[in-house]
Amino acid sequence: VGKPMPTTTVSEIMTDVVETLQIGDSLDLARHLIERARIRHLPVVDGQEHLIGLVTHRKILEAWVSHGDPAREKPGEVAREIPIEMIMEKDVLTVDPETTAAQAARLLEGYKFGCLPVIKNRKLVGLVTEADFVRFARRYFEWEMGSPTK
């Protein structure tokens, strides 16, 4: 009897959080961070790194379209006046680092989320996204074919 393969956990595929927002930050800052870092999700945290919300690329676009008077106001001017707490998702589903990758994939697929924040000891430690699963699959398939991975 062969020994069972180890179960892949979220901690092995997640991305560390590089950019976060705090209450009071503006939509303009969120847009700037998303464009600069080429990311689609920005966690909103308090001073203790506890997750309190999530700003998504889609929410930013929706806010852009629905606020302001495009004929008279530039998007940047409107965006500086919109606090991110107005547009952030507040009821965010999270996982912990030991959640199996299979369970995280089921949640992403079932709820049509783009990402799941990863929480350990009540603090935000990472994000697991669809892109993380694609990268993991590519590495696996390359390993399967015997070619080197990066």
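Quick caveat, the model's predicted, so the values are computed rather than measured.
To the nearest 0.5 angstrom, L27 atom CG is 13.0 Å from H32 atom NE2. Once rounded to the nearest 0.5 Å, the distance linking CD1 of I82 with CG of L29 reads 13.5 Å. The structure places CG of L42 at 14.5 Å from NZ of K59, a figure rounded to the nearest 0.5 Å. R31 contributes atom CZ, which lies 15.0 Å from atom CD1 of I84 (distance to the nearest 0.5 angstrom). With rounding to the nearest 0.5 angstrom, the CZ atom of F133 is 12.5 Å from the CE atom of M14. Between atom OG1 of residue T20 and atom NE2 of residue H41 there is a gap of 15.5 Å, rounded to the nearest 0.5 Å.
Across L116 and A104, no two heavy atoms sit closer than the pair CD1-O, 3.6 Å. Nearest heavy-atom pair, G114 versus L108, reported as atom, atom and distance to 0.1 Å: C-CD2, 3.9 Å. When all heavy atoms are compared, the tightest approach of C115 to T129 is CB-CG2, 3.7 Å. Nearest heavy-atom pair across V17 and G126 is CG2-CA, 3.5 Å. I39 approaches L33 most closely through the heavy-atom pair CG1-O, 4.2 Å.
For residues 116-132, every residue pair satisfying the salt bridge (Lys or Arg N to Asp or Glu O under 4.0 Å) rule, not counting sequence neighbours, is listed here: D132-R135. Sequence neighbours left out, the pairs with a member in residues 36-51 that pass salt bridge (Lys or Arg N to Asp or Glu O under 4.0 Å) are E19-R36.
Under a 3.5 Å cut-off, the side chain of E85 and the backbone N or O of G24 do form a donor-acceptor pair. Between the side chain of E12 and the backbone N or O of T9, at least one donor-acceptor pair lies under 3.5 Å.
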Criterion side chain to side chain contact (heavy atoms under 4.5 Å, CB included) on V118 and L124, from CA distance to verdict: CA-CA 6 Å; V118 184; L124 179 69; 5.8 Å; no
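A continuous path of ILVMFWY side-chain contacts below 4.5 Å connects I119 to L127, so both sit in one hydrophobic cluster.
By the 30° and 60° cut-offs, the orientation of the rings of Y111 relative to F113 is parallel.
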